[in-house]
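Accompanying notes for the structure given below.
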Number of protein chains: 2
Amino acid sequence: MTELIPGFELPRVVIENVTPILDGGRYPVKRTVGSTVEVRANIFKDGHDLIGARVIHRVLGDSAWQAVPLIHHYDADFWSGSFRADRLGRVEYAVQAWPDHYGTFRSELEKRLNAGQDVRPELVEGAALVARYALQFSGDAAGFLEKCRRELNDPDLGLDERLKTALSPELKSLIAGPMAPNEIAQCPVLELIVDRLEATFSAWYELFPRSQSPVPGKHGTFADTLRRLPEIAAQGFDVIYLPPIHPIGEVHRKGRNNARVAEPGDHGSPWAIGSKFGGHDAVHPELGTLADFEALVKGAQDFGLEIAIDFALQCAPDHPWVREHPDWFFVRTDGSIRYAENPPKKYEDIYPLNFWCEDRKRMWEACRNLLLFWIERGVKIFRVDNPHTKPLAFWEWALRDIHEKHPEVLFLSESFTRPNRLKSLGKLGFNQSYTYFTWKNSAWELKEYMNELIQPEMQSYFRPNFFANTPDILHEYLQSGGRPAFRIRLVLAATLSPCYGIYSGFELCENVPVRHGSEEYLDSEKYEIKARDLNAYGNIKQDVARINRIRRENPALHELGNIEFLHSEYEGVLAYRKYAPNNEILVVVNLDPFHAHETMIHVPIKRLGIADGEPYEVADLLSGARYTWRGARNFVRLDPNDRVAHVFRVSRRVD
Amino acid sequence: MTELIPGFELPRVVIENVTPILDGGRYPVKRTVGSTVEVRANIFKDGHDLIGARVIHRVLGDSAWQAVPLIHHYDADFWSGSFRADRLGRVEYAVQAWPDHYGTFRSELEKRLNAGQDVRPELVEGAALVARYALQFSGDAAGFLEKCRRELNDPDLGLDERLKTALSPELKSLIAGPMAPNEIAQCPVLELIVDRLEATFSAWYELFPRSQSPVPGKHGTFADTLRRLPEIAAQGFDVIYLPPIHPIGEVHRKGRNNARVAEPGDHGSPWAIGSKFGGHDAVHPELGTLADFEALVKGAQDFGLEIAIDFALQCAPDHPWVREHPDWFFVRTDGSIRYAENPPKKYEDIYPLNFWCEDRKRMWEACRNLLLFWIERGVKIFRVDNPHTKPLAFWEWALRDIHEKHPEVLFLSESFTRPNRLKSLGKLGFNQSYTYFTWKNSAWELKEYMNELIQPEMQSYFRPNFFANTPDILHEYLQSGGRPAFRIRLVLAATLSPCYGIYSGFELCENVPVRHGSEEYLDSEKYEIKARDLNAYGNIKQDVARINRIRRENPALHELGNIEFLHSEYEGVLAYRKYAPNNEILVVVNLDPFHAHETMIHVPIKRLGIADGEPYEVADLLSGARYTWRGARNFVRLDPNDRVAHVFRVSRRVD
């Protein structure tokens, strides 16, 4: 004989299909501080009684639950209510529902009155009901309920007076909730992460501090980088991301252009971390001291900038950990330590960590402590190198641990792996992610990819950061398309995604690959110091500054999902609308860096609140030009040698 | 400091998005015996190692898990494998995955060989790997692995021989699985219910035994019903459903046409269950004895028929339970028992049970025991009356309990409530459900409703039974459309849904409502005995017999989801395709019972494997007529006074 299942004792109300939810509650969904969390559920029960429902929520670690009533949308048959995510950190929420006995009593009483039935027996039942509700009250409330109960029960009182008591707003407001705690049904407690605004809206600039010396050929320093801040701030960036700043391995150091053996004086790759000067908690001596780094972090704050550093969990052969904890690495049968390999490729300058070694608890903690070390020195953003080559369980543990103490810290996942794994990193805690944007250059690719990214489920955990180039990715489109291609990709990155970035050299349209067919740069900065004249002829710094200012000034560009692609009669001209309250932006981009194109684009004027035939103004925020348009279908012409794009702000009133 | 989360110790492989699954595993999905269960999952891990995966499954209560390997579909990046549901009952299944160390070793060895690298150090690593795998083996297998290990490690052996060992199929087949149990990741165990075929394919006929006497006005009996079986079997039905067969209450008995007070000699409603003659475990004395009932059940089997009975958990005021367990009902403050009400309507002949009374454990068990009582008497199908007015938790418990002991028992939910609650009954265990079909009469309504029902998630738990009429529902379409309307609805019910039914009188096109605007029958059989001449002029028994034979002979009509609506140039002529291997059916129905219509319908000949211009034959299984068609667009004409529909079987070879 089957044991009575738990449901036998459970409340009668069923709560289903609660949203937002990610993978059945396995992972938290993400929101930004200040946003509204709308919770929905299907709620029903047996029988004809009415239902009451609410969403409860609290910041994790705070014991006080707050409640918001849920409203029943009868035709679509779902319930909803919302609360504001007004504090950083993890928020718990759950839907509760219960049989609304008083509401049912009231509704049936009214039906009987309308049908002219004798309701005196019902008033007696109502008195019994009020008495049951009263059990959970004391003091004045209990007294009031006892008075109501007596009145409902009192045959000597006039019927009108008894009815007035039965239907009084005071009684209703007092007993609208559950009659007893065991009548409350509750869905499993769900979680959401509330991040600061920069998680969803920020412009990034990547630079190598060692290339920042004003003296060509000289090793740059943190101090040199500090001096560059005013110019970078003036271009409108929010985050400066530095590749690893730690001592660079000397054993098996790579030479220029990834030569297997370094020449004397070669500086090596910053991703080969660790030397006699220290490991992940030290700075490369040629960059300066830890104090210099802290000065840079503080200096950045003065310009409204943040310093993000790289978190690359791998070691050069001369990293202190190799000596102190050889068991944290892959030890071969002959006792030697295995370097990184992707057969037939060999990376002798890198020892991967064995995250599943016997001593993994200490090792994971040591890695986590590195984050705490840099957080103490003012770093609040980490760009994580190749996280998919480390255990997903490690990230879930480490990121949650850091976020509990420091909910303001952001992690950007640098993972260009297959979709399931790439997305998983977003689910388990990364606040932002690199994307496939670099490889999406045609109109259909861009539309298809954007439409995937803006799916509500994907948006609930995955925040793209559209880097237009990186030290590892110089796309063929930029190699062949030259300056117009850089301007095109800048506008696309900065307006398609509220988070975007460029790696220095982009503003100079650097586009020479190490060889034909490669996405690697010639003379890559990964292996040497670059001396750049950032004011060289043909630079696109003015474009960068302008697009960053346009982004700041237009709320429509602060969100990801508020995009609608528009019909363009020539496919190679991409048009899309971004919208926010009182802020309508139309972006039109000629994706062809070689030829001018003209076409008609179709504006969904109805959704913009513009009538047929009504004139409206589109002001190009890039060029300053203004046009008066009328109707849906409008002409555009874009010449890559002049204007590669329009970023129109639409206004209905024509001056 | 955060405790290390459990993931820290868990296997490295992530298993996500396992299907089939219903509400995150909260409810079992349903399948029919003999069907193939295809299990899919996204599976990935950190790093570059290969993955092994399988689905394990077993019948609940059976300790032996069986395993089927999962195959990786690389481009779409999911894994899949399948097993056959070959036994009735609950099946547990789960996906397991693990790092495939040997596969990774093998793959990298081959890459190194192709690159011409020295692989001898790798062979030594391979020997260590084989030794770790060997730990879980004994006997011959252990001996073989030890031999492999030695050979891999043996510098005196030729390289070719060592490689042959490393890559041997024998070694591969032995260690393709997990290296150690703690490396196996597993998703939560999911459940599915395997039902017998009748759950998904059956034709139902509803009759009142009391109306089966050949002598008009005389109370019919089980014995009379037994004598009707040959005729019903000849019409091709599978299930005969009987409204409640229990003693009918005498207190507050309803009269004819639902009169509040019965006249002497009135028989009352069978749904007012219980009298001095007994309750739910007794039979109405005028129908015969329990032995007569059992004879009917056995007799039905001889004709390939099954008897389904009604399970209506409510009591007449003179039901024995009212006396024995007044606390199982709703007791008013004055000690009286509350009759059913839906203010302002009153149902004084019915006392609802209070499923949440204090003594509910005993009461729920008593209700469950009623099912066991009738199962012991040969009943294997229950039509459950208004299940949504009883707790969902009760059904989930009771149905699971019955199904564990009697997996062949089927429950049909008679619930015409709002969608969320109606669907929920399917999720928690009902094998079939009444639907909104009766109210879907236009082409767009039918298409929209079918497209909802065939959604994969909905199909995984909800099995529609399209009753064309019931004692409660005589739709206006039948009232006004007369005989052609009955023929149209018969073809629709029987070909749109593999489970369908009619309530007796349908074959005589009975269509007089109690009053205009009501769906109730005049002189409803619910309150009186009906005497019918089933061979009366205008009966459609031949249509019924023919459509039931067509259903049996054509596998395309045995499934729900294998439907495709076809373009018809006149919307009022509905056309759809049903398909199964070697069985292509095209159904064309004129939905207008008043006028003939002709139109062109578009056959997706490509999907039927028919070339442009190739002639093909459509044989009307209803009329016997055959036509040769060519191309997609073909002419049909349907006159409600002659043919209301075509049910074509398509064949490519024209005789």
Side-chain angles (χ1 to χ4, degrees), chain A residues 1-2 4-5 7-8 10 12 14 16-17 23-26 42-48 77-78 107-109 111-112 114-117 121 124-125 127-128 332-334 341-344 352 355-356 360-361 364 387-394 396-397 400-401 404 417-421 424, chain B residues 1-2 4-5 7-8 10 12 14 16-17 23-26 42-48 77-78 107-109 111-112 114-117 121 124-125 127-128 332-334 341-344 352 355-356 360-361 364 387-394 396-397 400-401 404 417-421 424:
Chain A
M1 141 96 211
T2 313
L4 284 173
I5 59 164
F8 180 69
L10 275 188
R12 305 166 62 168
V14 176
E16 273 190 355
N17 202 17
D23 287 8
R26 166 67 181 85
N42 295 343
I43 303 176
F44 51 91
K45 60 180 286 302
D46 57 286
H48 302 290
D77 205 6
F78 70 89
S107 148
E108 300 206 338
L109 189 64
K111 284 186 200 154
R112 285 176 210 271
N114 290 338
Q117 294 183 358
V124 175
E125 299 297 322
R332 298 179 71 100
T333 315
D334 65 3
E341 275 186 287
N342 190 7
F355 278 84
W356 293 102
R360 58 185 175 268
K361 186 169 183 298
W364 290 22
H388 60 279
T389 60
K390 289 91 193 172
L392 298 159
F394 166 74
E396 188 167 20
W397 165 78
R400 177 162 190 150
D401 188 60
E404 268 178 24
T417 184
R418 307 200 69 204
N420 287 335
R421 194 156 71 164
S424 177
Chain B
M1 141 95 215
T2 314
L4 284 173
I5 60 166
F8 179 70
L10 275 186
R12 306 167 63 169
V14 176
E16 273 190 354
N17 203 17
D23 286 8
R26 167 68 182 83
N42 295 344
I43 304 175
F44 51 89
K45 60 181 284 300
D46 57 287
H48 303 290
D77 204 5
F78 70 89
S107 147
E108 300 207 339
L109 189 64
K111 282 185 201 157
R112 285 175 210 273
N114 290 339
Q117 293 183 0
V124 175
E125 298 297 321
R332 298 180 71 101
T333 316
D334 64 4
E341 274 186 287
N342 191 5
F355 278 85
W356 293 101
R360 58 183 174 270
K361 187 169 182 299
W364 290 24
H388 60 279
T389 60
K390 290 90 193 172
L392 299 159
F394 166 74
E396 187 166 20
W397 165 77
R400 179 165 188 148
D401 188 61
E404 268 177 26
T417 184
R418 306 198 70 204
N420 287 335
R421 192 156 72 166
S424 177

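A, B, ... follow the sequence lines: proteins, then strands. Residue 1 opens every chain.
The two residues A:H48 and B:T389 come nearest to each other via the heavy atoms NE2-CG2, 4.3 Å. In this structure, B:A128 and A:T333 approach most closely via the heavy-atom pair CB-OG1, 4.1 Å.
Contact tally against chain A (heavy-atom pairs below 4.5 Å) for B:K390, B:R418, B:R112, B:H388: the top residue is B:R418. Options A:A115, A:P352, A:P344 differ in how many heavy-atom pairs under 4.5 Å they form with chain B, and the most are formed by A:P344. With chain B as the partner, the residue from A:G24, A:P391, A:A127 showing the most heavy-atom pairs under 4.5 Å is A:P391. Across B:D77, B:L109, B:T417, the residue that shares the most heavy-atom pairs under 4.5 angstrom with chain A is B:D77. With respect to chain B, the highest number of heavy-atom pairs below 4.5 Å among A:D334, A:L392, A:I43, A:N114 belongs to A:L392.
Both the backbone and the side chain of B:P121 come within contact range of chain A, with heavy atoms under 4.5 Å apart.
Here the side chain of B:N420 pairs no donor or acceptor atom with the backbone of A:F44 at under 3.5 angstrom. The main-chain N or O of B:P343 is never found under 3.5 Å from a side-chain atom of A:E108 such that the two would form a donor-acceptor pair.
Judged as a side chain to side chain donor-acceptor pair (under 3.5 Å), and not counting sequence neighbours, the contacts of A:D23 are A:K427. Partners of B:R332 according to the salt bridge (charged side-chain N to carboxylate O under 4.0 Å, His left out) rule, which considers only residues two or more places apart in sequence or in another chain, are A:E122, A:E125.
From A:F394, atom CZ reaches atom CG of B:D46 across 11.5 Å, with rounding to the nearest 0.5 Å.
Side-chain atoms of B:K111 and A:E341, non-hydrogen and from C-beta on, never get closer than 4.5 Å to each other.
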